[in-house]
Amino acid sequence: MAVNNGQNIFTDKQDFEDQYRDKFIQILGKYYGECTDQERYNVLARLIAEKAREIQSTSYIHANKQVYYFSLEFLLGPLLENYLLNLGITDVVAAGLEEMGTSLQKLAAQEVDPGLGNGGLGRLAACFLDSMAHEGMAGFGNGMRYRYGLFRQEIKDGRQVECTDNWLANGYPWEVRKDDSSVLVRFGGTVVRHEGENGDFWFSQEGGQVVKAVPYDVPIVGYGAKTVNKLRLWSAEPAEEDFDLDAFNAGDYARANKFRSDVEAISTILYPNDSGEHGRILRLKQEYLFVSAGLQSILRAYKDKYGEDWDHFADHVCIHTNDTHPAMCGPELMRLLVDEHGVDFNEAFDIARNAISYTNHTVMPEALEKWPINTFRELLPRLYMFIDEVDRRYKEQLLADSNGNTDLLASTAVLWDNTVRMANLSILFSHSVNGVSDLHTNILKQSVLKDFYKLRPEIFNNKTNGICHRRFLAQANTAYAKLITEAIGTGWLDDANELNKLSAFENDVEFLDEMDAAKREEKERLAAYVKKTTGIEMDTNTIFDTQVKRFHAYKRQLLNIFKILYLYNRMLDDQSYKPAPTTFIFSGKAAQSYTFAKEVIRLIHSVADVVNNDERIEGRLKVVFIPNFAVSNAQLIYAASDISEQISVAGAEASGTSNMKLMMNAALTLGTYDGSNIEISELAGPENIKIFGLRADEVQQVYASGTYFAQNLLNQNPTLARIVNMLTDGSLARLSGNFESIHDYLLINNDPDLVLIDFDAYVKAWEELTQSYADRRSWNARALHNTANSGFFSADRTIREYMEDIWHV
């Protein structure tokens, strides 16, 4: 494949080989033949990263406006094969490596998943960076460089065990450390008021802990290599060395290095456990450091280009905050403008609001981030003064405008109930607030943020999420992608809407049969990975029914496992009942302190222990849990799946993106009318998706009525009661014990996520969907229709909407 913009990265295969061999001498001081596969990968990645940085990004140099995307997570995934695809040099590099006695596949396998994110929030941010570069805009990421990832998930005796994710053990060849761009960030201390001779006054924050934020830049290569942007990741280091020599000489080595350890802890791990005060302070430090460092870097670059023309700052700079972790961007930008650049307070507020926009990612009020005022004020005293004053003025103006409406005040104030409410802070400082699916945005307007919507309806808008189709279809599903390209050409890589050309093949028997062969090939790849990593064998003749995502009660992995127990029980009771042979695939992590979610993981393994080892069901059902869900193994899972389980309680999932990835990879969706399942249903048509269960408004009616009693439902449904009783009657206890806590969640807590209410409709929908699998051509025609209509879910489309409606790029 040629590079789209005509740039010659390598003139031919020999040129690549020559440059690659030279790099070993430059970097390692030894020859290619002396190196390990890990070293060969590292050198190759550094060579490609160097080539990417050499590409002049014309949008960056000449752009009138630059966008900075602030996110605490960037779940990049492995970059080598993705960048070779985007640069258009996959074939020449693969051929060169083959001639040198190795393979691209072997070297790519050495790359680890960067531990820079956890779930959908971080993967969305990574997809957006890819699309910003593809669209030719100057769009840059700003995040944290974590020494360790959240954790590496292992399973022992059916339980999740959190192990250190030392992803930097062999270095990260894509990054470049930029010491000359380091900035200082201050925590704690005191605020001192200074007065001039003319009665003017100003403040400074003195004392406390001063930390050096050091940036590491990672290139972001757009498809076609027309634009290369960057992701800037911040690491915390001591501003000055404070080594306790006396303690060291006394043998107290931990105390000797305590200062450095305390500082470096800020960027040690994603989401430090904040159940205790020390953890909360560390988490707040983390959020402030990447916000302050990023903004200082932006202001420095702006001043170099435009001088002190702060009036036009928002004409040239957009700061987008991904969820509430960067909520301090508004007041911190004010603080820097006022304290460091002498801008008037009111002018600074207007500049901040005009520059900043905010994406909300949750419909659950209890999930909106809050901080105790005392903790916040002690750690960030000067920043708190800005928040306090902005909030005071806001309250005063709101009371005047609303004739003293204290209900509006209670719901929209930033400082309330001794807390700093970060979502309210984000909204107050933003000119745009968006949800991430039609349903989600409507719920924000009608419920979660309804009072803000009453006050400022013009700032609310929807931007349905998208995914990087080049990674999650072209790169992940090579067999299917090859078939697609042979049918409609390569244009779909540049424009996902061209996938709709596949509609012409929905009645093409030969194409549908080739789809079947491609799916089988991807199933075999996944089965080989699962066999290697878990020892479990998967029958590739079965339906692959997949639910892969973060473990959370509202995502209802529990409902899925109850369905499996229903099928198992019915097979034992009725030998004539033969459900479609199915392999049920689960993957995902539970937060370290989320006991319920970890218990559901344990339940899945206990059910697998029972079902997979019962010869009476003749292998028709199999339960597989794939540990340590990450971008790399997700790509294998999406490509191999037949059914996409999207079964959250309606109105709880903001959007979801696994549903988009699975749809694009020709899996049929089985789901509730929730998140972007709604858009999938509208695009694919109701006959090509299986919807079940209560709608969002019906869920709210159940909650509001106060008449639902889970025990009554079980009394009327002995089949379901039997499944619930299995949690505590020893049926599933062989591996690691009973599940009293899940039993209590359903009965004592009264089934808060309505698992029991939706159960019958779910089982019926699953049986109807899987019965149609026997007619493979009909199934593939519907699956192809899903792929053909999935172009809307490209992140390129989402970013174009952000560019036009929010960032005005």
Side-chain angles (χ1 to χ4, degrees), residues 120-121 124 321-325 327 357-370 394 398 402 405-414 416-417 419-465 552-556 646-656 659 671-679 681-682 691 693-708 749-755 757-758 806:
L121 181 84
L124 179 77
T321 56
N322 190 32
D323 212 358
T324 55
H325 308 125
S357 46
Y358 162 56
T359 295
N360 173 283
H361 285 278
T362 183
V363 297
M364 293 181 284
E366 67 273 14
L368 295 175
E369 187 178 3
K370 300 179 182 69
Y394 170 75
L398 180 61
S402 65
N405 189 331
T406 54
D407 288 339
L408 276 177
L409 198 66
S411 62
T412 63
V414 175
W416 201 262
D417 285 339
T419 61
V420 183
R421 301 192 289 192
M422 305 303 270
N424 292 12
L425 183 65
S426 296
I427 296 167
L428 195 61
F429 273 97
S430 295
H431 69 269
S432 170
V433 176
N434 72 278
V436 290
S437 72
D438 282 339
L439 177 64
H440 172 231
T441 300
N442 286 331
I443 291 174
L444 294 181
K445 293 177 180 179
Q446 297 164 12
S447 176
V448 182
L449 303 178
K450 64 181 180 181
D451 287 335
F452 280 111
Y453 182 63
K454 289 176 186 175
L455 294 169
R456 298 172 68 199
E458 71 281 358
I459 72 170
F460 283 80
N461 61 95
N462 177 62
K463 297 289 171 280
T464 296
N465 281 342
H552 198 290
Y554 81 83
K555 295 180 185 288
R556 299 202 297 191
Q646 307 295 332
I647 58 176
S648 54
V649 58
E653 185 75 79
S655 170
N659 49 3
T672 52
Y673 210 61
D674 192 31
S676 52
N677 288 353
I678 295 172
E679 283 96 330
S681 179
E682 293 169 349
I691 295 291
L694 299 179
R695 303 292 175 101
D697 56 341
E698 294 170 325
V699 168
Q700 292 308 313
Q701 288 170 14
V702 171
Y703 290 148
S705 70
T707 58
Y708 174 52
N749 293 353
N750 202 38
D751 186 19
D753 292 290
L754 309 185
V755 170
I757 288 183
D758 274 346
I806 299 176

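Only a predicted model underlies this, so the values are computations on that prediction, with no experimental measurement involved.
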Has [X] got a side-chain atom pairing as donor or acceptor with [Y]'s backbone, closer than 3.5 angstrom?
X: R421; Y: A413; value: yes
X: S357; Y: T321; value: no
X: S447; Y: L444; value: no
X: T324; Y: A423; value: no
X: Y703; Y: P752; value: yes
X: D451; Y: L408; value: no
X: S676; Y: S655; value: yes
X: N405; Y: D407; value: yes

request  = Using the side-chain hydrogen bond (donor to acceptor under 3.5 Å, both in side chains) rule, collect all pairs that involve residues 429-438, keeping only residues at least two apart or in two chains.
outcome  = T359-N434, S432-N461, N434-Y802, D438-N462

For the atom pair [atom1] ([X]) and [atom2] ([Y]), what is the distance rounded to the nearest 0.5 Å?
X: K454; Y: S411; atom1: NZ; atom2: OG; result: 8.0 Å
X: I427; Y: I459; atom1: CD1; atom2: CD1; result: 6.5 Å
X: T362; Y: D323; atom1: OG1; atom2: CG; result: 7.5 Å
X: Y554; Y: L754; atom1: OH; atom2: CG; result: 15.0 Å
X: L121; Y: N465; atom1: CG; atom2: CG; result: 9.5 Å
X: L428; Y: Y358; atom1: CG; atom2: OH; result: 12.5 Å

inquiry  = Checking I806 against K463 for the side-chain contact (heavy atoms from CB on, under 4.5 Å) test, could you report, in this order, the C-alpha distance in whole Å, the side-chain angles of both residues, the deciding distance, and whether it holds?
reply    = CA-CA 10 Å; I806 299 176; K463 297 289 171 280; 4.1 Å; yes

Are any non-hydrogen side-chain atoms of [X] and [Y] less than 4.5 angstrom apart?
X: N677; Y: E653; value: no
X: K370; Y: D417; value: no
X: L368; Y: N360; value: yes
X: I757; Y: Y708; value: yes
X: D674; Y: Q646; value: no
X: E679; Y: L439; value: no

ask   = Quick one: ring pair (Phe, Tyr, Trp, His ring centres under 6.0 Å) pairs with a partner in residues 434-463, sequence neighbours left out?
value =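 Qualifying pairs: Y453-F460.
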
How close do [X] and [Y] get, counting heavy atoms only, and between which atoms?
X: G693; Y: E698; result: O-OE1, 4.4 Å
X: S705; Y: T707; result: OG-OG1, 2.9 Å
X: T672; Y: A650; result: OG1-N, 4.5 Å

key: Sidechain N-carboxylate O distance under 4.0 Å for R556, D758   = yes

